Amino acid sequence: MSVETTFYVLALLQILLGACLIWQAWQWLGYVRRRLHTDPGFYSPRVAVLCPCKGVEPGLERNLLALTEFERQNYDIFFILASGSDPARSIVERIAASSKVKAHVIIAGSPSNSGEKVNNLRVAVEQLPPEFEVLVFTDSDGRPGKSWLHHLVAPLSDARIGATTTMRWLIPNRGNLPAALLAAWNAPVVTMLSETGRNFCWGGGSAIRRSVFEQSGVLNEWKNSVSDDYSLTRTLERNNRPIVFVPECLVLSYVETDFRGLLEFTNRQILITRVYANRVWAPAAATHLLYCLTLVLGVILVSSEFLEQRPAFHVVMLTFLPLLLSSIRSAIRLIGVTEALPAGRSQIMDRAWIYILLTVVIPFLYVVNFGNSLVTRKIRWRGMAYELISPEQTRIIRF
């Protein structure tokens, strides 16, 4: 098959796929709007909010303060540190001391054969008093709104539900390119969660009944894991427990990074996906690779036609259409996110070019991430290094 024929076939596939994904994006937007007009009800169990912390990151104090300001008051906060000498400890203790709701600080100690975050959560859960009926997991780099906790927990009034979850929306703190690329890289993940799809738990915002957590054997799954959320997802799937996406609980996260941090974060996420959710990794890798190949072949053919002074309009259009469809899909996503996050609307719209235009080239970064996940099983995560041998086996390389 010639290069030109290959391009035509790939371009047609990309256009069909792009149209299908736009339809899915409209369905996603409809679900977001229905959820935003849904009364969360009055379900008010005793809740333990668990937040692992490590190091002083941008906006840490304001992020932790947000966890003490939820509208509902029937909860305790548990801040968990691996070490008493962690730089974040003074901030954590100051927030805990001034909190209107009861706040606890737990020193979990160093892990032996699991990720540090997973070990923090496991130790904290094992120490929880029995009166807590629901566990809520969150991260220190997010800034949830005041109604976040109530809306995240409310669907659990239906005992058939395994867990509820949401997702982060990244906003660059600075105007540098790596932070913009990271925000654009993360944006499509929001629409991977839906009303009817096979959802996954996100560690920065998930809620689960304690009885379901214990019956599903999550603590046992965590013993040798580096991924708290994928391991939680795997146990719920094995027990046929559905995971409900709650878009009204999207979390703003303000990020600063450089190119090294960008690659460290994105490579880590894709490698964890390959190890813990290969059924997601494989089709995603193929989709991104074919998208990039189509654009590269299109650019080559357009350049060739121009150099030979032949009409290239048809090639230009076939190259441009997948980009246009991708931008339309991103715009639909942005509409849903700004409706779900009215408090952050102006900040998000000020950076709309990141979420609409920059996302059309983000698949090339994803291809780099997928390639990295084929050649290594090692990741770096907040000063720790791990080798992900399997979902049930993690080796700590260096403290």
Side-chain angles (χ1 to χ4, degrees), residues 1 3 5-29 31 167-170 181-200 202 229-230 233 237 245 262-263 265-301 317-334 336-337 354-376:
M1 187 182 294
V3 172
T5 303
T6 301
F7 167 72
Y8 289 146
V9 171
L10 289 176
L12 179 60
L13 288 174
Q14 290 300 318
I15 292 168
L16 293 174
L17 178 61
C20 179
L21 291 176
I22 287 176
W23 170 246
Q24 291 180 0
W26 275 114
Q27 291 180 311
W28 177 86
L29 179 59
Y31 174 62
M167 184 48 62
R168 69 169 75 86
W169 186 263
L170 301 183
L181 288 170
L182 182 56
W185 184 95
N186 179 80
V189 182
V190 174
T191 38
M192 290 178 64
L193 298 163
S194 65
E195 180 177 14
T196 58
R198 294 184 67 179
N199 292 328
F200 53 89
W202 171 54
D229 40 20
Y230 269 131
T233 300
E237 288 179 344
F245 171 47
L262 169 69
L263 288 175
F265 179 91
T266 57
N267 283 339
R268 180 175 69 243
Q269 299 301 317
I270 297 302
L271 178 54
I272 290 175
T273 302
R274 185 189 176 203
V275 173
Y276 288 86
N278 193 61
R279 64 174 176 79
V280 175
W281 179 91
T287 300
H288 286 86
L289 180 61
L290 291 177
Y291 175 93
C292 294
L293 181 59
T294 303
L295 295 188
V296 169
L297 290 179
V299 171
I300 291 173
L301 288 175
M317 288 304 300
L318 288 174
T319 304
F320 175 73
L321 271 176
L323 299 176
L324 177 62
L325 294 174
S326 176
S327 296
I328 293 172
R329 185 168 71 252
S330 297
I332 295 171
R333 180 190 303 120
L334 192 63
V337 169
I354 292 175
Y355 309 113
I356 296 177
L357 300 180
L358 202 54
T359 51
V360 302
V361 295
I362 283 299
F364 288 94
L365 176 55
Y366 270 100
V367 168
V368 172
N369 304 144
F370 286 118
N372 175 80
S373 69
L374 287 172
V375 300
T376 184

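We number each residue from 1, following the sequence as shown. The model shown is predicted, which means the values in this text are computed figures rather than measured ones.
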Straight-line distance of [X] [atom1] to [Y] [atom2], nearest 0.5 Å:
X: Tyr366; Y: Ser373; atom1: OH; atom2: OG; result: 12.5 Å
X: Leu263; Y: Leu181; atom1: CG; atom2: CG; result: 9.5 Å
X: Leu262; Y: Leu182; atom1: CG; atom2: CG; result: 6.0 Å

Under the rule for ring-ring contact (aromatic ring centres under 6.0 Å, His included), what residues qualify as partners of [X], not counting sequence neighbours?
X: Tyr276; answer: none
X: Phe370; answer: Trp281, His288
X: Trp169; answer: Tyr355

Tell me the side-chain hydrogen bond (donor to acceptor under 3.5 Å, both in side chains) pairs involving residues 183-194, sequence neighbours left out?
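Output for this query lists Arg168-Asn186, Trp185-Asn369, Thr191-Arg333.
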Sort and list the pairs that fulfil side-chain hydrogen bond (donor to acceptor under 3.5 Å, both in side chains) and have at least one residue in residues 8-17, not counting sequence neighbours.
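side-chain hydrogen bond (donor to acceptor under 3.5 Å, both in side chains) check on residues 8-17 returns Glu4-Tyr8, Tyr8-His314.
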Apply the side chain to side chain contact (heavy atoms under 4.5 Å, CB included) test between Leu12 and each candidate in Leu10, Val9, Leu16; give the one that qualifies.
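So, applying the side chain to side chain contact (heavy atoms under 4.5 Å, CB included) to Leu12 and each of Leu10, Val9, Leu16, only Leu16 qualifies.
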I need the minimum non-hydrogen distance between [X] and [Y], along with the two atoms involved.
X: Ala25; Y: Arg329; answer: CB-CG, 4.0 Å
X: Thr359; Y: Ile356; answer: OG1-O, 3.1 Å
X: Gly336; Y: Leu29; answer: CA-CD1, 3.5 Å
X: Ala183; Y: Leu170; answer: CB-O, 3.7 Å
X: Asn267; Y: Val368; answer: OD1-O, 4.2 Å

With sequence neighbours excluded, residues passing side-chain hydrogen bond (donor to acceptor under 3.5 Å, both in side chains) with Gln24
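Listed in chain order: nothing, the list is empty.
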For Thr319, which residues count as a side-chain hydrogen bond (donor to acceptor under 3.5 Å, both in side chains) partner, sequence neighbours excluded?
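Not a single residue meets the side-chain hydrogen bond (donor to acceptor under 3.5 Å, both in side chains) criterion with Thr319.
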So, Ser330 side chain and Ser326 main chain: donor-acceptor pair closer than 3.5 Å or not?
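Checked: pair present.
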Side chains of [X] and [Y], heavy atoms from C-beta outward: is any pair under 4.5 Å?
X: Ile272; Y: Arg268; value: yes
X: Val190; Y: Trp28; value: yes
X: Leu325; Y: Leu21; value: no

Per-pair distances, 0.1 Å, donor-acceptor, side chain in residues 290-299, under 3.5 Å, sequence neighbours excluded:
| residue | atom | partner | partner atom | Å |
| --- | --- | --- | --- | --- |
| Tyr291 | OH | Val360 | O | 2.7 |
| Thr294 | OG1 | Leu290 | O | 2.7 |

Taking side chain to side chain contact (heavy atoms under 4.5 Å, CB included) as the definition, give me every residue that meets it alongside Ile328, ordered by chain and number, with sequence neighbours left out.
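By the side chain to side chain contact (heavy atoms under 4.5 Å, CB included) rule, Ile328 matches Ile22, Leu324, Ile332.
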Excluding sequence neighbours, so at least two apart, what forms side chain to side chain contact (heavy atoms under 4.5 Å, CB included) with Met192?
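Per chain and number, Met192 pairs via side chain to side chain contact (heavy atoms under 4.5 Å, CB included) with Val189, Phe200, Val280.
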Applying salt bridge (charged side-chain N to carboxylate O under 4.0 Å, His left out), which residue pairs with at least one partner in residues 278-301 are found, sequence neighbours left out?
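Qualifying pairs, neighbours excluded: Glu237-Arg279.
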